[in-house]
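All remarks here apply to the structure that follows.
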2 protein chains.
Amino acid sequence: MSKYINVMNDIFKALNDATRREILDLLKQKDMSAGEIADAFNISKPSISHHLDILKRADLITSEKNGQFIIYSINTTIMEDVLQWILTFKQ
Amino acid sequence: MSKYINVMNDIFKALNDATRREILDLLKQKDMSAGEIADAFNISKPSISHHLDILKRADLITSEKNGQFIIYSINTTIMEDVLQWILTFKQ
DNA sequence: TATATATTTAGACAAATATCTAAATACTTT
DNA sequence: AAAGTATTTAGATATTTGTCTAAATATATA
């Protein structure tokens, strides 16, 4: 199995959850700490941490430690892969 | 929960499987019967039928009966929804 | 009408997933 | 150094998912 297929698997797996897509929508607007992100949902912090891990493994987000906080940012470049795949369906 | 979210859920759920993405890649090239599609994979016909059902529920494909055969076609218009969502991440 | 072909439906099962609580780790502040 | 805050890790559990075999349905052909 090619590397490309694994990448696409990880990306689509990451996108296959409404909470994770909402996290991306939040990060699209501004960088946020794990706690800030968790506060936006009625889900426990450990669960949000798990979602962040899946998004990170798919390279859809990056994280950087800032004191006690971990700040998450969106990585828009990886979306290019999905975009290219989608575009192959445009006629 | 809005209708839009359900649509996106169904689409992303459908795309979250390598076999289903391959089926779409096949149908991108030409319409095919369920049997022809199944022959392209080392998976049982009932399993492929199940995958086709998921793709159909997401409106990613359509089907038409032709004698004993059921011919599947891709529905590219639904990809527009995904495309638009992806494009919101471009800068 | 009987048989063959094409496809789906039903039911079972193992693996993956989303969630939770409790505990661990890491950093900050007093 | 102790206590507080932020986050993750560990482990458990219910639900969802992908797959299979067997059976049902629908159409075609001999």
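Per chain, numbering begins at 1; letters A, B, ... match sequence-line order. If you're wondering where the values come from, they're calculated on a predicted model, not measured in any experiment.
- For B:Ser44, the side-chain hydrogen bond (donor to acceptor under 3.5 Å, both in side chains) partners two or more places apart in sequence, or in a different chain, are B:Ser47.
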Can you give each donor-acceptor pair under 3.5 Å made by side-chain atoms of residues 63-73 of chain B, sequence neighbours left out, with the distance rounded to 0.1 Å?
| residue | atom | partner | partner atom | Å |
| --- | --- | --- | --- | --- |
| B:Ser63 | OG | B:Lys56 | NZ | 2.7 |
| B:Ser73 | OG | B:Asp31 | OD1 | 3.4 |
| B:Ser73 | OG | B:Asp31 | OD2 | 3.2 |

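- Pairs of residues two or more places apart, or lying in two chains, that qualify as salt bridge (Lys or Arg N to Asp or Glu O under 4.0 Å) and include a residue from residues 37-46 of chain B are B:Asp39-B:Lys45.
- For residues 43-66 of chain B, no residue pair satisfies the ring-ring contact (aromatic ring centres under 6.0 Å, His included) rule, not counting sequence neighbours.
- For B:Asp25, the side chain to side chain contact (heavy atoms under 4.5 Å, CB included) partners are A:Trp85, A:Phe89, B:Lys28, not counting sequence neighbours.
- The heavy-atom pair separating B:Ile11 from B:Ile78 by the smallest distance is CD1-CG1, 3.8 Å.
- Both B:Phe12 and A:Met8 are assigned to one and the same hydrophobic cluster, defined by single-linkage of ILVMFWY side chains at heavy-atom distances under 4.5 Å.
- With sequence neighbours excluded, the residues satisfying side chain to side chain contact (heavy atoms under 4.5 Å, CB included) with B:Phe41 are B:Thr19, B:Glu22, B:Ile23, B:Leu26, B:Ile37, B:Ile43, B:Ile48.
- Residues from residues 31-40 of chain B placing a heavy atom under 4.0 Å of any atom in DNA chain C, listed by number, are B:Ser33, B:Ala34, B:Gly35.
- With a cutoff of under 4.0 Å to any heavy atom of chain B, the contacted region of DNA chain C is bounded 5' to 3' by C:dT5 to C:dT9.
- Residues A:Asp53 and A:Arg57 are paired through a salt bridge, judged by an N-O separation under 4.0 Å between the basic side chain and the carboxylate.
- For the segment residues 60-74 of chain A, residues with any heavy atom less than 4.0 angstrom from an atom of DNA chain D are, sorted by number, A:Gln68, A:Phe69, A:Ile70, A:Tyr72.
- Applying the side chain to side chain contact (heavy atoms under 4.5 Å, CB included) rule to B:Gln84 yields the partners B:Glu80, B:Leu87; only residues at least two apart in sequence or on another chain are considered.
- The side chain of A:Ser49 places no N or O atom within less than 4.0 Å of a non-bridging phosphate oxygen (OP1 or OP2) of D:dT7.
- Shown here are the salt bridge (Lys or Arg N to Asp or Glu O under 4.0 Å) partners of A:Asp59, two or more places apart in sequence or in another chain: there are none.
- In this structure a side-chain-to-backbone donor-acceptor pair under 3.5 Å is present from A:Arg20 to A:Lys13.
- Residues from residues 51-59 of chain A placing a heavy atom under 4.0 Å of any atom in DNA chain C, listed by number, are A:His51, A:Ile54.
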